Amino acid sequence: MKDVSRFENQDRLDEVNIEKVMELAHVKEQDVICDYGAGTGIFTKSMAKSTRNKVYALDMSQDMLSHIQKKIKEEALDNIVLQKVEADRLPLDPDSIDVAFIITVFHHIGNMEGFITELKDCLKPGGRVAVVEFHKKDSPSGPPGGMRLSPEELNEVFVAGGFRPEAYEVLGDNMYVCVYLFLVSKQR
């Protein structure tokens, strides 16, 4: 698969620092986790090792999901559920996840308001969302600067959707993380 080296290069792994991101999101060993836009599953593996519960690895690419399947077999991880998704869709059951991770893919979401609505539906009350994004500037890796979201723009989208900002941290020269808490009670 041609994109593996781009997603799994050591500089990117060091900068994203998934252990730090999971710490900021207060991942607990009983949490059900969603890795939206899981890519090669490099972060999904760490998530699966941090919980005794399910980790949903969602991606639009069957090639990426097949790559994750190989990792699952190699490392005997039995709590990862692979699911192919359509763009901007989050087809999980209502109240089914405690923590959602959206790592370097939120800028690709075309209908952010619709996606936030689906995200709220599948999160349990008190659920958390960790979004890793690129700083809003051109850099050697990642999307063009014009596609990127500043932390303020990201906050605007999530706060308008009913989330409360919980944490913000610069991960490095190229990336930052924002963590949000979902507190709004749901009307069914």
Side-chain angles (χ1 to χ4, degrees), residues 1-22 24-25 34-44 46-47 56-65 67-68 83-92 99-123 127-182:
M1 183 183 336
K2 64 180 175 145
D3 289 342
V4 170
S5 62
R6 181 172 67 114
F7 291 117
E8 296 187 2
N9 77 65
Q10 195 59 49
D11 289 341
R12 180 175 187 263
L13 298 177
D14 291 344
E15 186 166 16
V16 169
N17 190 350
I18 192 61
E19 287 76 21
K20 179 67 173 174
V21 172
M22 288 192 301
L24 288 169
C34 172
D35 184 5
Y36 182 83
T40 64
I42 193 72
F43 304 119
T44 309
S46 294
M47 293 170 198
Y56 292 96
L58 309 180
D59 205 278
M60 293 180 4
S61 167
Q62 188 58 52
D63 286 345
M64 293 292 187
L65 294 172
H67 187 77
I68 296 171
Q83 188 168 347
K84 189 169 191 250
V85 296
E86 295 176 30
D88 302 353
R89 301 304 313 252
L90 195 57
L92 296 175
V99 187
F101 290 91
I102 307 169
I103 300 176
T104 65
V105 296
F106 197 79
H107 60 272
H108 288 296
I109 294 173
N111 179 0
M112 292 181 185
E113 287 179 12
F115 182 82
I116 294 287
T117 298
E118 288 193 26
L119 183 59
K120 289 188 307 189
D121 189 49
C122 64
L123 276 171
R128 292 142 349 257
V129 180
V131 182
V132 174
E133 269 301 331
F134 296 93
H135 294 296
K136 192 167 182 145
K137 63 180 182 178
D138 286 320
S139 63
S141 64
M147 277 186 72
R148 300 175 184 207
L149 298 166
S150 69
E152 295 79 17
E153 291 169 319
L154 195 61
N155 280 343
E156 188 176 304
V157 171
F158 274 87
V159 169
F163 288 85
R164 182 176 80 197
E166 285 289 300
Y168 164 79
E169 189 158 317
V170 171
L171 297 173
D173 291 338
N174 295 310
M175 295 178 217
Y176 65 90
V177 60
C178 289
V179 178
Y180 300 95
L181 182 64
F182 179 58

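Only this structure's heavy atoms are used, side chains among them; waters, hydrogens and symmetry mates stay out. All of these numbers come straight from a predicted model, not from anything done at the bench.
Applying the 6.0 Å contact sphere to CD of Gln62 captures more than 12 heavy atoms from other residues, nucleotides or ligands. Other residues, nucleotides and ligands contribute more than 12 heavy atoms inside 6.0 Å of the CG atom of Asp88.
Interatomic distance, Tyr180 OH to Glu166 CD, rounded to the nearest 0.5 Å: 11.0 Å. Atom CZ of Phe101 sits about 6.5 Å away from atom CE of Met22, to the nearest 0.5 Å. Atoms NE2 and CD1, on His67 and Ile42 in that order, are 7.5 Å from each other to the nearest 0.5 Å. With values rounded to the nearest 0.5 angstrom, Leu149 atom CG is found 9.5 Å from Ile109 atom CD1. Atom-to-atom distance recorded for Leu65:CG and Thr40:OG1 is 11.0 Å, nearest 0.5 angstrom. Note that CD1 of Ile102 is 8.0 Å distant from OH of Tyr36, once rounded to the nearest 0.5 Å.
Between Arg89 and Glu118, at least one side-chain N (NZ, or NE/NH1/NH2) sits under 4.0 Å from a carboxylate O, which counts as a salt bridge.
Looking only at side-chain heavy atoms (C-beta outward), Val21 and Leu171 come within less than 4.5 Å of each other. When side chains are defined from C-beta on, Lys20 counts as touching Glu169, because their heavy atoms get closer than 4.5 Å. Within the 4.5 Å cutoff, side-chain heavy atoms of Met47 are placed close to those of Ile18. Contact check for Val159 versus Arg164: no side-chain heavy atoms found under the 4.5 Å cut-off. The side-chain heavy atoms of Leu92 and Leu58, taken from C-beta on, include a pair separated by under 4.5 Å.
When all heavy atoms of Met60 and Ala87 are compared, the pair lying nearest together is SD-CA, 3.4 Å. Between Val99 and Arg128, the closest heavy-atom pair is CG2-NH2, 3.0 Å. The two atoms that bring Asn155 and Cys178 nearest to each other are OD1-SG, 4.3 Å, heavy atoms only. Contact detail for Ala38 and Thr44: the closest heavy-atom pair is CB-OG1, 3.6 Å. Here the closest heavy-atom approach between residue Phe182 and residue Gly162 is recorded as CD1-O, 3.8 Å. The minimum heavy-atom distance between Gly161 and Ile116, with the atom names listed, is CA-CG2, 3.8 Å.
Among residues two or more places apart in sequence or in another chain, the salt bridge (Lys or Arg N to Asp or Glu O under 4.0 Å) test is passed with Glu153 by Lys136. With sequence neighbours left out, the side-chain hydrogen bond (donor to acceptor under 3.5 Å, both in side chains) criterion links Asp59 to no other residue.
Ring geometry for Phe106 against Phe115 counts as perpendicular: the plane angle is over 60°, on a 0 to 90° scale with 30° as the lower cut. Ring-plane geometry between His107 and Phe134 is classed as perpendicular, the angle between the planes exceeding 60 degrees on a 0 to 90 degree scale with a lower cut at 30.
In summary, of the residues considered (Leu181, Val179, Val129, Val157), a side chain to side chain contact (heavy atoms under 4.5 Å, CB included) with Phe163 occurs for Val129 alone.
Under the 3.5 Å distance criterion, the side-chain polar atoms of Arg148 are matched with a main-chain donor or acceptor of Lys137.
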